[in-house]
Amino acid sequence: MSRLVVVSNRVAKLDSTKSGSQGGLAVGVAAAMSKAGGLWFGWSGKIESAQRSEARVETAGNIDYATVSLNQVEYNQYYKGFANSVLWPLFHQRPDLMSYREVDFEGYLSVNEKMARLLLPLLRPDDTVWIHDYHLIPLGGLLRRAGITCPIGFFLHIPFPPLDLLRTVPRYRELITALMEYDLVGFQTDVDYRGFQFSVVYGLGGEALPDNCFRYRDYECKAGVYPISIETDTLREVGKTGEASEEFKRLEQSLTDRQLIVGVDRLDYSKGLPQRLRAYENLLRTQPEFIRKVVYLQVAPVSRGDVKAYADLAHQIDEQVGHIVGTYADFDWVPLRYLNRGFRRNTILAMYNLASVGYVTPLRDGMNLVAKEFVAAQDPDNPGVLVLSDMAGAADELDAALLVNPYDSEQVTQGLAEALSMPLAERKERWQSMMAVLRDNDIHHWQERFLEDLGQFR
Ligand code: F6P
């Protein structure tokens, strides 16, 4: 059987009791790899000036973890620069936050070259290589040109932008061409797939062939839609273990009989936190019957804090939180609890189950696994309600959530009010419908579908 080689910028060891600030990619890939085993290659998360000529390999269970460090210049140009100050804002439809520098693009290419150089000696002819996310778009082509002949696939965890936005990156054609060097390119949703199709045809002048295949000059690739998912069947059990934690008990006791609204997001402008806070404030202002009856807990671990747009966002949210608390809090009630740190995964899942409302309203999101995990963590006899942005990839599958447009503050406020008052029968009906979707497409199904399609290129 072919060995699976996963490559991603972040590499995370799987431990269901840890986590907090880990994003969807790390959690999803870790769950997928726990079954298949194999090699997981990526950045160690460390910045070191002394560079090693080979990756550091550690084995845990059925997974070999091979990691490389970055030096400060590489980190600035590749991670902080091109990946997170160009691709991330642009792909999340925020060209206003994009800051392009040619030197960062060159740094991005040279870190991809370094990754290829250090990965090559670890590869075997019968491997299947699966590369993840926007940090590593050029890597597949680099491996190909270095003589690797095994199937190489790519999965984009974030949205793929419309061509009109993509064109704002001066070297956008190189990005589309680099994607075409893969055998198979996977997207979260149909909209992302169509964005790619349009870019190949109108951005490069390539052709869309039958069977989801594309051609441009000598390049040919196949593309498809593979919505990432979660470990649907086990999350409720993991959540139950979190109920024993000190943090959970303190939260539960502190609520008394108030309804809990919960949000868990990296502190990122794509998550729409200022808009979310505004809609909550509107609820307290326009529907005072909810005052003292609800508590909104927003967990938001700091992320990419050394990128200016993130520091500005943190500042803006601090002001808003202060305003809401100052305006509405009482001696014995605080309407909003805002925590800039991550928590253990089982505590978070237990919290989801305790909550009446999961408040997930990103302005744009590739998938959003918090939405899916919130659903899977619920008690079937008394499920909470998911208020979900229709700009998240998850909305395509979770159409039984209360879908809202995160730019329409009044609609979000109304969604919150409806969720807080929803009768049990309707909550159950919506939850059952969402769970059926999540059982059909869990994380293992996602992985199997992609790898089966990629296997056709052997
Ligand atoms: O797909 C996006 C992603 O890779 C997710 O894993 C997560 O939401 C985030 O980006 C992690 O960001 P970073 O690795 O920069 O902390």
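Indexing begins at 1, ligand by ligand and atom by atom, following the structure's order.
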(message) I want to know whether Tyr79 and Trp43 have ring centres closer than 6.0 Å.
(response)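 Ring-ring flag for Tyr79/Trp43: true, centres closer than 6.0 Å.
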(request) Examine Phe187 together with Tyr226 and report whether their ring centres are nearer than 6.0 Å. (result)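 Between Tyr226 and Phe187, which both carry aromatic rings, the centre distance is not below 6.0 Å.
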Atom indices of ligand 1, in the order listed, that fall short of 4.0 Å to a heavy atom of [X]:
X	answer
Tyr79	13 (P), 15 (O), 16 (O)
Ile158	1 (O), 2 (C)
Arg266	7 (C), 8 (O), 9 (C), 11 (C)
His157	1 (O)
Arg10	13 (P), 14 (O), 16 (O)

(request) Check side chain to side chain contact (heavy atoms under 4.5 Å, CB included) between Pro159 and all other residues, then give those that pass, not counting sequence neighbours. (result) His92, Asp192, Arg364
(request) Could you pull out all residues at least two apart from Asp408 that satisfy side chain to side chain contact (heavy atoms under 4.5 Å, CB included)? (result)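 In terms of side chain to side chain contact (heavy atoms under 4.5 Å, CB included), with neighbours along the sequence ignored, Asp408 is linked to Asn405, Glu410, Gln411.
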Any salt bridge linking [X] with [Y]? Criterion: basic side-chain nitrogen under 4.0 Å from a carboxylate oxygen.
X	Y	answer
Glu452	Arg449	no
Asp268	Arg304	yes
Lys35	Glu231	no

(message) As a check for students: among Asp133, Asp365, Asp265, Asn84, identify the option with a heavy atom nearest to atom 2 (C) of ligand 1.
(response) Asp133
Checking the N or O distance criterion of under 3.5 Å, is ligand 1 in contact with [X]?
X	result
Leu25	yes
His135	no
Asn9	no
Trp88	no
Arg304	yes

(request) May I ask you to check whether Asn84 and Tyr134 show a side-chain donor-acceptor distance below 3.5 Å? (result)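 There is such a pair (donor and acceptor under 3.5 Å, judged by atom type) between the side chains of Asn84 and Tyr134.
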